[in-house]
Amino acid sequence: MSEEEAYRTVSATLEQERIIPFKTDELEVVRSAEKCVNCGLCLNHCPVVRAVGVDRFSGPRSIAVELSRSPPDFWSTADKVYLCTSCGTCREVCPFNVNMPDIVNMVRARIFKQRPDLVPRGLRAVRETIAKYSLAFEPWEDPNEKTESRDARLQAAGLPFIKDRTVKGAEVLFYPGCQAEERAQEVKEAAKFILNYFGVDFTLLEEMSCCGLPSRLIGDDETSRSLAARLREKVNLLGVKKIVTTCAGCTSNLSDMSVRDNWGVPVYHLIEFLAEEIGLERLSEAFTEGSRAGEVLTTIHDPCHLIRHTSRQISDHVIAVLNLIPNVTVVPSGVADSCCGGGGMVGYHSRDVADAVVAYNLGPISATKANRLVAPCPLCTAQIERNLFNTGSDIQVDDLAVFIAQRLPQER
Amino acid sequence: MDIETDLVVIGGGMAGLVAGSVAAEAGLDVVLLRKGHGATAQSSGAIDIIGYVPGATAYLMNPVEGLHALSAMCPFHPYSALGRSQEGVPSDPGRVVSRVHSSVQWLKDKSSGSCGALKGDLEENIQAVSLLGTSKPTCLIQETMWNDTPPSHDSVILFAGLRGLPDFNPSSAVKAFMANRPYGEEGPRKAVSCILDVSSSGKPFNLSQIEIAQFVDHDAGLSALANSIGGQVLKTGADYVAVPPILGVERARENRRQLEEMTGATVFELTAFPPSVPGLRLQTSLEAVFRKADGRLLAGHEATEVRQAGDLVQVIAARAPRRTIEIRSTAVVLASGKFLAGGLVGDERGVRESLMGLPIVDSDLIPTGDSRPQRLTGVIPLSPEGHPLFGVGLAFDSSFHPVAADGSPIAQNLFAAGSVLAGYNYAVEKSGLGVALATGFAAGANAAAYVKGVQ
């Protein structure tokens, strides 16, 4: 048997043996898992282990050394591997930077293919929504209701409406992400207002579609790749030079896709775009003109997808920008960088775990005596807001885009 | 250029954080790049200054004597470099001791009141007892491991394990503890063991030290531990209770005080294997010192390139998971660690300095050339001589500049500290964190002086 024939014979049996070969872009992740020395340092830092203990969630070390090395029996890991919030803390503290979040995605992708019955039910529901609408949230049935909801939210936030626009050849694509498109509409509107205020030549998508992160976290690799490809096509058609988003997850996922698939278009979170492209000087001038809101003592939550999946510099940008605003005082909570529990799709099937993870944040946030918490991510905002509310706290939780927009002058 | 600063420190362990804090306290703008945790976070949280003179089998009672001996015996040792006011002169042991003393005092002051607060003196080594019941000489230990009065001859010591925690077998620790006591030395009358029932999950199995420590930081965990220990103290009449290092993460010192009040016994932590809770406390408290000095810590950023023009390094490129940045800096401290942290890499091509490809020498300042790491290990796994591999690293001068083969600095504004340096074998000397502290302290001060000199 020639080598070629042997290769064909073996690859023909893969499916029967339920082995899914690694894609080229997964190989780096596999090699990263091989670097684990089993030291267990990650266990000291994992927020899920802290919240529920190693018996419920065996932790990053166990995923690297046991759970990721058992093809074709990945299914046996299903009770643990869906509890990872993909916060990336383990990757950041690991002496070898073992890429845990992507290892988890890889294992979930194999369970999804081999044993879809073991995918938590909550995730299957999201998957159906995505399959049907190409959005992570079910869209509004009645477009008029969506507009009404938007206007109500604008009014509550005290922001003017900036008309939607789709312009070919614009400099910047503003990509709100599914949550700001369908749920937290005030975030999308606030970002449009900010970009418009600074005279940014921006466009929206003709039709919004998901960046593919939720599918990736569910393990639905095919859908994730096809959503990314579809978005890329839209980006190419519009001919934009930059993508700006208000969602932490979209920032890290699109940055990753853009490099992995050679989009040639850089991706910014709005706060990065403001700090790096608009510049602190212009921001400062604008805030000085617009300082009409009252005194606010605010604390910050740093989304994992920004600080640990993208760059820690972003949390410095947040502080730098907030410090420019008159009447705003920033108080550190000491837990700004700890996971809100809502990531990794954990909240969709194991709400108890997600809430146990966020619980660690609530005490220190309340202890700051701040009357506001800002987060540059609609998911973190929602997760922390709900949990703070449940503890009887009266701290108002704002998405950073809304908070900033409210402090810019409305008339020019 | 994304960032312009006075000093970039590469590495976020003991050496890097101390160098960065000292420079920031001197008024410099400091950016510290850290790709992940290294040996400091992995440590037992105790700080060894010098436990054994190289080659000796008996430990040193007094680190000061060890520093004197080193500066006479080992001219290329980083401690000995502290004793030289300029190149080519012999090391002055008094100067070595005084500089190590300053760094120890600085660290004790800075960490005072924090979760990593330290006790101990440079004049005396402590015999810290481990989870195995064995002991090792070390200089500074965390307050939660410290006993003001060691167990007297009429005291009873209780080794308390926890049900479901596989890391600690108290009955075998008792055996080792009693067997290893030197004849004639005062010690407890009796050592006994027990198993406590304290579990954060309510289940008596599959527990880790960190989750118990985090549990004890809550009132419910603390009172569960106090009740459990209290019962055993009543039963055994123990005066001392030795527990694994689980007395808490953030509130450990306060927890210990309350436990002692509630149980009437002296409760202290044993030293544990990596990665231990005290190692986490040490890392956390060092980071707090750096932040308090207004240092900027960029975690998750790996330095990928250092660009040099003439005799100055100028630009450092760094990579975060999805971003790359460039930093222009007046000076750089390289504190990137050894094999664990990735400052040095050893493979079939030899041992290399991973960032700039700086020349590598062994403890005797002999270039290791392209020797494979295997060539630098001895046949006996555990011997007082250790393995030469752990003594390799960068050659350096008395200002802690890495130097080229002719002894000249690689760059006027490049300094190095910690285990990336050659000349000391931390594994056999028990000197790892001590050298990192003292050289980080010196390199940080030198970098600050350099930056102020050119400004």
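Letters A, B, ... are given to chains in the order of the sequence lines, protein chains preceding strands, and every chain is numbered from 1.
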Counting only heavy atoms closer than 4.5 Å, note whether B:Q214 contacts chain A via side chain, backbone, both or neither. side chain
Using heavy-atom distances under 4.5 Å, tell me whether B:L297 contacts chain A through its side chain, its backbone, both, or neither. neither
Does any backbone or side-chain atom of B:S276 lie under 4.5 Å from a heavy atom of chain A? Answer side chain, backbone, both or neither. backbone
Min side-chain heavy-atom separation B:H301-A:S311 under 4.5 Å: yes
What are the two closest heavy atoms between A:Q313 and B:R296, and how far apart are they? OE1-NH2, 3.1 Å
Nearest heavy atoms of B:K35 and A:P95, plus distance in Å: NZ-O, 2.9 Å
Counting heavy-atom pairs closer than 4.5 Å to chain B, which one of A:D337, A:N97, A:V93 comes out on top? A:V93
Quick check on A:N99 against chain B: is it the side chain, the backbone, both or neither that has a heavy atom closer than 4.5 Å? neither
Select one option (side chain, backbone, both, neither) describing which atoms of A:Y360 are under 4.5 Å from chain B's heavy atoms. side chain
Where B:F339 and A:F96 come nearest, the two heavy atoms and their spacing: O-CE2, 4.4 Å
In terms of heavy-atom proximity below 4.5 Å to chain A, should B:K203 be classed as side chain, backbone, both, or neither? side chain
Listed by number, the residues in residues 39-46 of chain A that come under 4.5 Å of chain B (heavy atom to heavy atom) are A:C39, A:G40, A:L41, A:L43, A:N44, A:H45
Kindly indicate, with the supporting measurements, whether the criterion side chain to side chain contact (heavy atoms under 4.5 Å, CB included) is fulfilled by B:I210 and A:V54. CA-CA 10 Å; B:I210 184 68; A:V54 289; over 6 Å; no
Go through A:I314, A:V52, A:D55, A:I307 and name the one with the most non-hydrogen pairs under 4.5 angstrom from chain B. A:D55
A:V259 side chain near B:R322 side chain, heavy-atom distance below 4.5 Å: no
Of the listed A:V49, A:D316, A:T251, the one with the largest count of heavy-atom pairs under 4.5 Å with chain B is A:D316
Which portion of B:S200 sits near chain A, non-hydrogen atoms under 4.5 angstrom: neither
Verify side-chain hydrogen bond (donor to acceptor under 3.5 Å, both in side chains) between B:R323 and A:S255, making sure each step is shown before the conclusion. CA-CA 9 Å; B:R323 296 286 182 265; A:S255 299; 3.1 Å; yes
